[in-house]
2 protein chains.
Amino acid sequence: MVTMDDVARLAGVSKMTVSNVVNNRGGVSEPVRRRVREAIERSGYRVNVSARTLRSGRTGVIGLAVPEIDRPYFGRLASHVIEAAGRRGFHVAIEQTGAAASGEIDAIAHARTLQFDGLILSAVGLDGRERVPPEGDHPIVMLGEQDFAGRFDHVAMPNEEATAAATAHLLDRGCRAVAIVTGRLDWGLNMVTARHHGYLSALAARGLDADPGLRVELDTLTMEAGREAAHRLASSGRPFDGVVAVTDTVAIGVLRGLADAGLRVPDDVRLAGFDDIAEAAYLVPSLTTVAPDHAWMAAKAVELVTARIADPGRPTGRFVAPYELVSRESTV
Amino acid sequence: MVTMDDVARLAGVSKMTVSNVVNNRGGVSEPVRRRVREAIERSGYRVNVSARTLRSGRTGVIGLAVPEIDRPYFGRLASHVIEAAGRRGFHVAIEQTGAAASGEIDAIAHARTLQFDGLILSAVGLDGRERVPPEGDHPIVMLGEQDFAGRFDHVAMPNEEATAAATAHLLDRGCRAVAIVTGRLDWGLNMVTARHHGYLSALAARGLDADPGLRVELDTLTMEAGREAAHRLASSGRPFDGVVAVTDTVAIGVLRGLADAGLRVPDDVRLAGFDDIAEAAYLVPSLTTVAPDHAWMAAKAVELVTARIADPGRPTGRFVAPYELVSRESTV
DNA sequence: TTGTAGGCGTTATCAG
DNA sequence: CTGATAACGCCTACAA
């Protein structure tokens with residue numbers, strides 16, 4: 001391995017001068033700088049990140065903890081975070097938490113072990129009540145659904161408001177009985193309950209009551225669960241002509257399940273999702289959905305961690321992503 | 001920060017003994033080991049990875065370079081790789097190459113800078129002709145589509161064979177004119193050409209000629225491109241009753257594009273894809289596709305890098321993933 | 001403007 | 001079985 005010493009010897013200067021050149025610091029004359037540059041080129045020298053890290057205490061790595069990287073929503077988020085971090089000179093290491101609070105707490109604890117300068121946590125399992133270990137006193141930014149009043153920087157989704165908008169959209173299109181396929185509502189305050197609230201408030205705004213018989217709660221927000229939910233709704237005998245799905249992934253399953261039951265979308269049932277994953281526009285029928293600005297969220301989260309890395313004492317902030325309701329064939 | 005020195009003082013032993021306990025090395029008596037464990041617990045000590053890396057020369061990190069992490073196929077691959085690597089005590093850092101040969105060469109070059117112990121490269125842009133920089137003399141494993149005769153360890157897809165099987169399946173179902181939506185065939189030898197070969201050979205096996213008018217070449221393998229390809233096929237005036245799509249992502253677009261054109265699947269046109277992404281089973285109609293064993297591929301790739309990390313001199317190997325043709329509604 | 005000394009936290013080596 | 005010592009490669013502080 002080529003070290004600074006080798007380069008220094010090659011260029012006929014001291015180690016320190018090489019370091020100054022490498023880090024673009026001043027105090028090196030132009031001829032010397034050029035000589036050092038050449039020596040670096042010639043020797044193929046690369047800085048040793050570990051040594052630099054050991055010395056400086058910073059790794060240049062931001063951790064990104066997501067439940068599972070192979071879900072479209074998180075894949076997209078990760079892609080944007082990697083890019084945004086790259087623009088600020090940071091690398092991203094992805095941790096999979098498996099959607100469990102325990103995994104998320106682990107991620108926080110690991111952040112120290114793995115030597116991240118900061119952590120972006122897309123929390124799903126954790127809710128405001130969990131005791132997040134204080135030992136993980138790294139810069140942590142919560143990204144996405146869950147809410148943590150003031151304890152962390154937080155880039156939030158417009159869960160309630162946007163779900164209300166989607167529900168209102170269904171009602172505008174003439175739906176009379178709007179079902180909801182959501183997650184477990186008894187698992188604390190989280191994305192699921194916030195979105196459910198949005199659904200309820202949109203109904204209430206029109207003087208409608210939510211029919212509990214038109215609510216299906218899922219243990220996991222998967223396509224398969226969405227499919228089964230549709231089966232359950234279809235076989236319940238209760239008439240319905242609209243469905244709000246808690247995520248697009250669930251909506252894909254619902255779409256599939258409605259087809260299994262011989263129900264056509266949007267003719268028999270209209271359907272709206274949440275996330276605007278890439279596939280939404282290409283489904284048959286294409287899916288009406290809430291499109292939060294993913295790139296904005298990622299950029300904001302990265303901005304917040306890097307700011308906190310630079311100044312750990314700054315006050316925490318909460319930012320809500322802008323969104324758009326994208327109307328497509330599933331609610332024509 | 002708590003260091004080994006602190007723990008050593010707390011336990012009344014030397015730094016070295018602490019190191020031995022932390023790394024589960026022998027030569028420490030049980031009582032001392034217990035005392036050290038307690039001291040670690042009490043002090044909240046964590047090893048400093050940078051220091052360990054600096055000393056040992058190993059980072060415990062495997063790089064995974066994929067075109068874009070937010071494509072379902074790569075997301076899934078990444079998920080499996082992360083898990084397989086975790087089982088062997090490695091962490092995974094994801095690099096996005098943007099599907100360009102330049103990005104992939106960068107990833108190889110960066111592997112050193114970023115201090116990966118090894119790199120798993122899911123190459124798409126690179127083909128056998130590119131001059132892969134020899135300076136990146138890290139363990140590199142090629143994963144997936146592209147072929148690199150003997151220069152690297154390689155976990156390959158059964159591209160030709162499986163595409164032939166998919167094409168034969170369409171013919172078995174009664175298709176007379178099978179179109180193909182593929183990538184650019186003039187961009188060197190790669191996954192695209194291999195799959196096209198499979199298509200041709202299946203036709204040839206039945207004494208059929210491929211109609212060049214039923215071939216659409218895409219610049220990018222996206223849903224949008226697939227959709228446009230379907231439009232082009234539908235408006236060409238040439239009759240066709242089957243389509244082989246080069247990937248599932250493209251197939252989703254084709255499905256959508258056929259719907260735009262008023263063609264029903266499978267009644268008017270049958271469709272087969274490649275990859276078996278999670279969504280395939282939930283599309284309406286569900287998608288017949290080639291299902292390579294992703295978990296197997298990931299595990300094999302990790303096995304190969306770790307083996308090469310341990311023994312850089314071992315001979316390279318090439319392994320082809322097992323696959324299954326999953327028949328679903330799109331080819332009923 | 002350039003060079004020297006020392007230490008970041010860990011582990012390999014070898015002596016006790 | 002345990003401990004002292006010396007690196008690993010870089011950067012901060014200070015001296016020249």
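Residues B:Ser79 and A:Arg71 have side chains that never bring a donor and an acceptor to within less than 3.5 angstrom of each other. Using a 3.5 Å distance cut-off with no hydrogens or angles, the side chains of A:Asp153 and A:Thr316 do not pair a donor with an acceptor. A donor atom on one side chain and an acceptor atom on the other are found under 3.5 Å apart for B:Ser19 and B:Arg25. At a cut-off of 3.5 Å, with distance as the only test, a side-chain donor of B:Asn23 or B:Arg52 sits close to an acceptor on the other residue.
Distance A:Arg34 CZ to C:dT1 P: 15 Å, rounded to the nearest Å. We find that CG of B:Asn48 is positioned 18 Å from P of C:dG7, with the value rounded to whole Å. Between the P atom of D:dC10 and the CG atom of A:Asn20 lies a distance of 13 Å, rounded to the nearest Å. Nucleotide D:dA7 holds its P atom 20 Å from the CE atom of B:Met4, rounded to whole Å. For the pair A:Arg25 CZ and C:dG3 P, the interatomic distance rounds to 15 Å; values are reported in whole Å. As rounded to whole Å, 9 Å separates atom C1' of D:dG9 from atom CG of A:Leu54.
Counting any heavy atom pair closer than 4.0 Å across all strands shown, A:Asn23 reaches sugar-phosphate atoms only and no base atom. No engagement by B:Ser56 is indicated, since no non-hydrogen atom pair under 4.0 Å with the nucleic acid exists. Heavy atoms of B:Val22 sit nowhere under 4.0 angstrom from any nucleic acid atom. Heavy atoms of A:Asp5 sit nowhere under 4.0 angstrom from any nucleic acid atom. As judged by a 4.0 angstrom heavy-atom cut-off over every strand, A:Met16 is placed among the base-contacting residues. In this structure, B:Arg33 reaches neither bases nor backbone, as no heavy-atom distance under 4.0 Å exists between it and the strands shown.
Side-chain nitrogen and oxygen atoms of B:Arg58 include none within less than 4.0 Å of the OP1 or OP2 phosphate oxygen of C:dT11. Using a 4.0 Å cut-off, some side-chain N or O of A:Thr17 falls inside it from OP1 or OP2 of C:dG3. Close to C:dG9, at under 4.0 Å from its OP1 or OP2, lies no side-chain N or O of B:Arg52. Distances shorter than 4.0 Å separate none of the side-chain N or O atoms of B:Arg46 from OP1 or OP2 on C:dT10. Contact annotation: A:Ser14 reaches the phosphate of C:dG3 (side-chain N/O to OP1 or OP2, under 4.0 Å). Using a 4.0 Å cut-off, some side-chain N or O of A:Ser19 falls inside it from OP1 or OP2 of D:dC11.
Side-chain N/O atoms of B:Arg55 and base N/O atoms of C:dT11 include a donor-acceptor pair closer than 3.5 Å. Between the side chain of A:Lys15 and the base of C:dT4, no donor-acceptor pair of N or O atoms lies under 3.5 Å.
At most 12 heavy atoms of other shown residues, nucleotides or ligands fall within 6.0 angstrom of atom CD in B:Glu41.
A salt bridge links A:Arg9 to A:Asp6: one of the charged nitrogens lies within less than 4.0 Å of a carboxylate oxygen.
Taking every side-chain heavy atom of B:Ser29 into account, D:dT2 is the closest of D:dT2, C:dA12, C:dT2.
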